[in-house]
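Worksheet: one structure, shown below.
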Amino acid sequence: MDTPLQNLAVIGAGAMGSGIAALFASKGLDVVLVDPMEGALDRARAVIERQLNVYAPGQVAAVMQRIRMAPGLDAAAACDLVIEAVPENLELKRGLFAQLDTLCKPEAIFATNTSGLSINAIASAVTRRDRFVGTHFFTPADVIPLVEVVRNDATSEDTVARVMATLRLGGKRPVLVRQDIPGFIANRIQHALAREAISLLEKGVASAEDIDEVVKWSLGIRLALSGPLEQRDMNGIDVHYAIASYLYKDLENRTEPSDLLKSKVENGQLGAKSGQGFYAWSPERRERVLREKSAALGELAAWLNAKAGDS
């Protein structure tokens, strides 16, 4: 049955959970956003309103009326779909779902938002493994169209169909990941790209700015319209094979994070949130870039969706 689920709970009111709640509420669904941490819901309200003022200024009041905020898990008890969006900690997620399993009605479907933790491992905390999936949203969750829907070994076809129908109702483009593998699809490809980029920087081949410039203005533009496998077809698989035959042996293939990456973490150079990473980030620059990129990503996603609809 591919009928969308209408009554949603989102557990965790951080950036990801707030974005997911705003997404579904903006599509007319009723959402309860749950977070027990003091001040979390007030911060979420401010974040949601700020984001909506960027891409849907006329909808702020209506969307906020569809989001009920609550500190306790019992607020999710009557919901048809519960999406967890707490930090990437396996035991935290397992403990949370064990509680939800006793609180929620038996027919409710559970979804964990994780970037790569094992769906089987998280689902082992509940009795309803057939009604449990991974839903990997991408930041900003209310802007990036794609969601990876990841099965565990016991996920039913009905659960997959209903979750994907609900995501489509929310304006998403869900894809099914048939096997529970580390990193799923996107993060495996993203980390392979980042590993090579960091290696090039570490070897002094080019600056961080120039490496990013190459990716943004060649591969990035093309990848928005053609995935890597389609592009191999268009270029010719024989051409790819010929290049792969000499290039693969020279590509970065280490199985541990690079010394450069390790030193950045050890020295607290964590990126925009700490003020320094591969680039320097003032608070003003961070806010400006986040705001401008969210707006630009929204425009690009809308254009790509329109092009996909025309094809």
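Numbers here are sequence positions counted from 1.
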Judged by atom type as modelled, is there a donor-acceptor pair below 3.5 Å linking the side chain of [X] to the main-chain atoms of [Y]?
{"X": "Lys172", "Y": "Val147", "result": "no"}
{"X": "Ser226", "Y": "Arg222", "result": "no"}
{"X": "Asp35", "Y": "Ala40", "result": "no"}
{"X": "Thr155", "Y": "Phe132", "result": "yes"}
{"X": "Tyr279", "Y": "Ala208", "result": "yes"}
{"X": "Asn267", "Y": "Gln269", "result": "no"}
{"X": "Arg66", "Y": "Val31", "result": "no"}
{"X": "Asn152", "Y": "Arg129", "result": "yes"}
{"X": "Arg286", "Y": "Gly275", "result": "no"}
{"X": "Glu148", "Y": "Ile185", "result": "yes"}

Is the shortest heavy-atom distance from the side chain of [X] to the side chain of [Y] under 4.5 Å?
{"X": "Met16", "Y": "Asn113", "value": "yes"}
{"X": "Asp30", "Y": "Ile67", "value": "no"}
{"X": "Glu88", "Y": "Lys93", "value": "yes"}
{"X": "Ile109", "Y": "Val82", "value": "no"}
{"X": "Glu38", "Y": "Pro71", "value": "no"}
{"X": "Val143", "Y": "Phe138", "value": "no"}
{"X": "His136", "Y": "Asn187", "value": "yes"}
{"X": "Ile48", "Y": "Met69", "value": "yes"}

Quick check on the hydrophobic clustering: are [X] and [Y] connected, directly or via other members, by side-chain heavy-atom contacts under 4.5 Å?
{"X": "Leu23", "Y": "Val47", "value": "no"}
{"X": "Val215", "Y": "Leu225", "value": "no"}
{"X": "Ile243", "Y": "Leu193", "value": "no"}
{"X": "Tyr248", "Y": "Tyr241", "value": "no"}
{"X": "Leu81", "Y": "Leu73", "value": "no"}

Just how far is it from atom [atom1] of [X] to atom [atom2] of [Y], taken to the nearest 0.5 Å?
{"X": "Leu8", "Y": "Lys27", "atom1": "CG", "atom2": "NZ", "value": "14.0 Å"}
{"X": "Glu266", "Y": "Leu261", "atom1": "CD", "atom2": "CG", "value": "10.0 Å"}
{"X": "Gln231", "Y": "Leu223", "atom1": "CD", "atom2": "CG", "value": "8.0 Å"}
{"X": "Asp158", "Y": "Asp130", "atom1": "CG", "atom2": "CG", "value": "9.0 Å"}
{"X": "Lys293", "Y": "Thr139", "atom1": "NZ", "atom2": "OG1", "value": "14.5 Å"}
{"X": "Ser124", "Y": "Ile119", "atom1": "OG", "atom2": "CD1", "value": "11.0 Å"}

May I ask you to say whether Lys262 pairs ionically with Asp259, meaning some side-chain N is under 4.0 Å from a carboxylate O? no
So that I can tick it off, tell me whether Glu287 and Arg291 are bridged by a salt bridge, with the cut-off set at under 4.0 angstrom between side-chain N and carboxylate O. no
Going by the ring-ring contact (aromatic ring centres under 6.0 Å, His included) test, which pairs reach into residues 194-221, not counting sequence neighbours?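 The answer is none; no pair qualifies.
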Nearest heavy atoms of [X] and [Y], plus distance in Å:
{"X": "Asn89", "Y": "Leu92", "result": "OD1-N, 2.8 Å"}
{"X": "Leu29", "Y": "Leu5", "result": "CD2-O, 3.6 Å"}
{"X": "Leu41", "Y": "Leu33", "result": "CD2-O, 3.7 Å"}
{"X": "Ala77", "Y": "Leu103", "result": "CB-O, 3.5 Å"}
{"X": "Ala108", "Y": "Cys79", "result": "CB-O, 3.5 Å"}
{"X": "Ser274", "Y": "Leu270", "result": "OG-N, 2.8 Å"}

Using side-chain hydrogen bond (donor to acceptor under 3.5 Å, both in side chains) as the criterion, list what pairs up with Ser115, not counting sequence neighbours.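 Partners of Ser115 under the side-chain hydrogen bond (donor to acceptor under 3.5 Å, both in side chains) test: none.
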Mind checking salt bridge (Lys or Arg N to Asp or Glu O under 4.0 Å) for Arg254 and listing every partner two or more places apart, or none if nothing turns up? Glu202, Glu252
Is there a side chain to side chain contact (heavy atoms under 4.5 Å, CB included) between Thr114 and Glu84 once you walk through the steps? CA-CA 9 Å; Thr114 173; Glu84 164 271 312; 5.9 Å; no
Return yes when atom [atom1] of [X] has more than 12 non-hydrogen atoms of other residues, nucleotides or ligands closer than 6.0 Å, and no otherwise.
{"X": "Lys273", "atom1": "NZ", "result": "no"}
{"X": "Glu209", "atom1": "CD", "result": "yes"}
{"X": "Glu107", "atom1": "CD", "result": "yes"}
{"X": "Arg173", "atom1": "CZ", "result": "no"}

Got a sec, which residues hit ring-ring contact (aromatic ring centres under 6.0 Å, His included) with [X], two or more places apart in sequence or on another chain?
{"X": "Phe137", "answer": "none"}
{"X": "Phe24", "answer": "none"}
{"X": "Phe278", "answer": "none"}

In sequence, state the C-alpha distance, the side-chain angles, and the governing distance for Val10 and Val34, and then conclude on side chain to side chain contact (heavy atoms under 4.5 Å, CB included). CA-CA 6 Å; Val10 179; Val34 178; over 6 Å; no
With Glu157, which of Arg162, Arg131, Arg151 fulfils salt bridge (Lys or Arg N to Asp or Glu O under 4.0 Å)? Arg151
Would you please classify the geometry between the Phe97 ring and the Phe110 ring as parallel, tilted or perpendicular, with 30° and 60° separating the classes?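 Rings of Phe110 and Phe97: tilted, 30 to 60°.
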Please determine whether salt bridge (charged side-chain N to carboxylate O under 4.0 Å, His left out) holds for the pair Arg45 and Glu49, giving the CA-CA distance in whole Å, both sets of side-chain angles, and the decisive distance to 0.1 Å. CA-CA 6 Å; Arg45 183 177 287 105; Glu49 289 178 349; 5.2 Å; no
